[in-house]
Amino acid sequence: MATPDSTAPSLPLSTNKENITPISSKISELNESRSELLGRIQSLKQDLQSWGSKLDTQVKVYRDELSELKKTLNVEVDQLRAEFQDLRTTLQQQQEDVTASLRNLGLQDVSGDVQQVQSKETKIEEIDKEEQQLLPEEDSGKVAEN
């Protein structure tokens with residue numbers, strides 16, 4: 001029976017040394033490549049951290065700007081509300097003054113008449129709005145007929 005050593009071809013010692021040299025050069029190339037890849041990975045990690053912190057800073061700046069805009073808008077809306085309230089108060093006062101003046105002139109029933117006139121004016125305004133909405137359609141119909 002043959003032993004495993006006896007069946008294996010025996011290589012000269014010099015061939016084994018030649019095979020070891022390319023393997024060791026391959027190992028050193030792989031080590032260099034590994035070092036280079038690790039360096040790239042570290043660089044990419046640093047770039048990612050830098051990009052993340054820049055993005056966080058940008059988001060904070062935008063949030064601060066939006067907060068300021070919101071505050072400004074709220075102040076302006078409050079000012080407009082106050083102005084409209086002043087206008088309402090002024091108009092009510094003027095209406096009361098006119099009614100009082102008319103009463104002083106002996107036209108006591110005028111306040112009812114004023115309300116009727118106002119309601120008629122409101123109805124007229126509503127009709128005008130409806131007509132304005134219908135006008136473009138009527139105009140296009142007239143153009144199509146001609």
Side-chain angles (χ1 to χ4, degrees), residues 1-103 110-146:
M1 186 164 183
T3 62
D5 291 338
S6 64
T7 59
S10 64
L11 295 173
L13 190 58
S14 65
T15 307
N16 284 339
K17 285 183 181 179
E18 289 173 4
N19 286 342
I20 291 174
T21 304
I23 290 174
S24 63
S25 71
K26 292 284 185 191
I27 290 174
S28 68
E29 285 177 24
L30 288 174
N31 283 335
E32 288 176 19
S33 178
R34 180 176 179 255
S35 297
E36 183 180 326
L37 287 174
L38 287 174
R40 287 183 185 176
I41 289 172
Q42 288 298 329
S43 173
L44 289 173
K45 282 183 179 179
Q46 289 173 352
D47 289 347
L48 184 61
Q49 288 174 346
S50 172
W51 182 77
S53 67
K54 286 179 183 177
L55 186 61
D56 289 343
T57 302
Q58 190 103 21
V59 167
K60 185 183 181 312
V61 167
Y62 287 152
R63 283 187 178 160
D64 291 345
E65 287 178 6
L66 284 173
S67 178
E68 286 299 317
L69 288 173
K70 184 178 177 182
K71 287 177 186 176
T72 303
L73 181 63
N74 286 336
V75 166
E76 290 178 7
V77 166
D78 288 341
Q79 287 174 347
L80 285 173
R81 284 183 180 149
E83 289 175 14
F84 277 119
Q85 187 58 41
D86 289 345
L87 283 173
R88 280 190 197 122
T89 305
T90 302
L91 287 173
Q92 287 173 349
Q93 184 62 45
Q94 287 176 354
Q95 185 176 5
E96 290 171 6
D97 291 346
V98 167
T99 304
S101 296
L102 291 174
R103 281 190 188 139
V110 174
S111 63
D113 293 341
V114 169
Q115 289 176 351
Q116 287 178 351
V117 169
Q118 287 175 341
S119 68
K120 287 180 183 179
E121 287 176 355
T122 304
K123 288 179 185 177
I124 291 171
E125 289 174 3
E126 290 174 3
I127 291 170
D128 284 343
K129 287 180 184 177
E130 290 175 5
E131 286 179 356
Q132 287 176 356
Q133 291 173 352
L134 295 176
L135 282 179
E137 294 175 11
E138 291 175 4
D139 288 342
S140 65
K142 289 179 183 176
V143 171
E145 291 175 5
N146 292 335

Does the side chain of Lys26 come within less than 4.5 Å of Ile23's, by heavy atoms? no
Sub-4.5 Å side-chain heavy-atom contact between Gln79 and Val75: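 In short, these two side chains touch, coming nearer than 4.5 Å.
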Atom pair [atom1]/[atom2] of [X] and [Y] - distance to nearest 0.5 Å:
X	Y	atom1	atom2	value
Asp78	Arg81	CG	CZ	6.0 Å
Leu55	Leu48	CG	CG	10.5 Å
Glu96	Arg103	CD	CZ	9.5 Å
Ser33	Glu29	OG	CD	9.0 Å
Asp47	Arg40	CG	CZ	13.0 Å
Lys45	Leu38	NZ	CG	9.0 Å

[X] side-chain N/O to [Y] backbone N/O, donor-acceptor pair under 3.5 Å:
X	Y	value
Thr72	Glu68	yes
Ser101	Asp97	yes
Ser43	Gly39	no
Thr57	Ser53	yes

Apply side chain to side chain contact (heavy atoms under 4.5 Å, CB included) to Lys70 and Leu66, showing your working. CA-CA 6 Å; Lys70 184 178 177 182; Leu66 284 173; over 6 Å; no
Inspect the contact between Asp64 and Lys60 and indicate whether a charged nitrogen and a carboxylate oxygen are less than 4.0 angstrom apart. yes
Do Leu91 and Gln94 pass the side chain to side chain contact (heavy atoms under 4.5 Å, CB included) test, and can you show the C-alpha distance, the side-chain angles, and the key distance before you say yes or no? CA-CA 5 Å; Leu91 287 173; Gln94 287 176 354; 3.9 Å; yes
